[in-house]
Amino acid sequence: MFGQHWIWIVVLLVIVLIIFGPGRLPELGSGLGKAMREFRKATTELTNEVRSTVDSTKPEADVKVDPSGSEPKAPTSSN
């Protein structure tokens with residue numbers, strides 16, 4: 001299922017460990033986690049803003065309200 005992709009992940013982790021050392025790895029992981037969290041928060045806020053803008057600019061259906069308070073009737077054709 002995974003093929004040889006796990007080998008490349010292990011090699012990458014070993015290279016990162018050699019370059020940054022075991023003392024800096026938790027700091028790097030924490031920074032990466034914070035960056036991902038901020039990115040997710042920003043995209044969620046942007047998505048919510050776009051949705052609210054689209055919802056507020058949607059034209060409402062033209063519903064004619066009868067002043068007597070009764071429910072609107074379906075239009076009838078005179079064919």
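Note that this is a predicted model, so its numbers are computed, not measured.
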Let me confirm one number: the CD1-NE2 distance from Ile9 to His5, rounded to the nearest 0.5 Å.
8.5 Å
Common cluster, Ile18/Val11, ILVMFWY with side-chain heavy-atom separation under 4.5 Å
yes
Consider only side-chain heavy atoms of I, L, V, M, F, W and Y, link residues closer than 4.5 Å, and tell whether Ile15 and Phe20 are in one cluster.
yes
N/O donor to acceptor pairs below 3.5 angstrom from side-chain atoms of residues 22-43, sequence neighbours left out:
residue	atom	partner	partner atom	Å
Thr43	OG1	Phe39	O	3.1
Thr43	OG1	Arg40	O	2.9

Roughly how far, to the nearest 0.5 Å, is the CG atom of Leu46 from the CZ atom of Arg51?
11.0 Å
Are Trp8 and Val16 grouped together when hydrophobic residues (ILVMFWY) are joined by side-chain heavy atoms under 4.5 angstrom apart?
no
